Amino acid sequence: MKLLETDTQRDIYIITLIIYFLSVSALLEGESFWLLAYLIGVCWLTTATLLRLTSTLPSGLARSLRYAGGS
């Protein structure tokens, strides 16, 4: 429901924090290696989204994905 109410940039920040929270809680609950790999990918894309929203970083999506990956 919250995705339908994203009017401002603050709303998207809140959604990304909710995604981080749900990812960590799913990691604590699950025991599968594939779940860990999936959640690492989700956190990577979420971090790239947060980097894309900041005004101090370059505007390229590929550059944000590389920066979120740590290289």
Side-chain angles (χ1 to χ4, degrees):
M1 254 344 238
K2 185 65 180 165
L3 289 174
L4 299 175
E5 302 172 0
T6 54
D7 294 331
T8 63
Q9 202 171 23
R10 179 184 168 271
D11 295 335
I12 296 175
Y13 289 144
I14 291 171
I15 288 173
T16 54
L17 291 176
I18 290 171
I19 290 171
Y20 282 130
F21 176 76
L22 291 176
S23 297
V24 170
S25 64
L27 185 61
L28 292 174
E29 182 69 27
E31 299 176 0
S32 172
F33 173 74
W34 298 112
L35 179 66
L36 173 67
Y38 172 73
L39 291 176
I40 287 173
V42 167
C43 287
W44 177 55
L45 288 174
T46 305
T47 303
T49 302
L50 280 175
L51 289 172
R52 184 90 167 110
L53 292 174
T54 60
S55 62
T56 59
L57 290 175
S59 61
L61 178 62
R63 200 165 193 178
S64 294
L65 288 171
R66 271 186 275 132
Y67 193 75
S71 62

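This is a predicted model, so every value here is computed, not measured.
- With sequence neighbours excluded, no residue forms a side chain to side chain donor-acceptor pair (under 3.5 Å) with Y38.
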Which donor-acceptor pairs under 3.5 Å do side chains of residues 22-30 form with protein atoms, sequence neighbours excluded?
| unit_1 | atom_1 | unit_2 | atom_2 | d |
| --- | --- | --- | --- | --- |
| S23 | OG | I19 | O | 2.9 |
| S25 | OG | F21 | O | 3.2 |
| S25 | OG | L22 | O | 2.9 |

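- Interatomic distance, CG of L50 versus CG of L45, reported as 11.5 Å (0.5 Å rounding).
- Applying the side chain to side chain contact (heavy atoms under 4.5 Å, CB included) rule to I40 yields the partners L36; only residues at least two apart in sequence or on another chain are considered.
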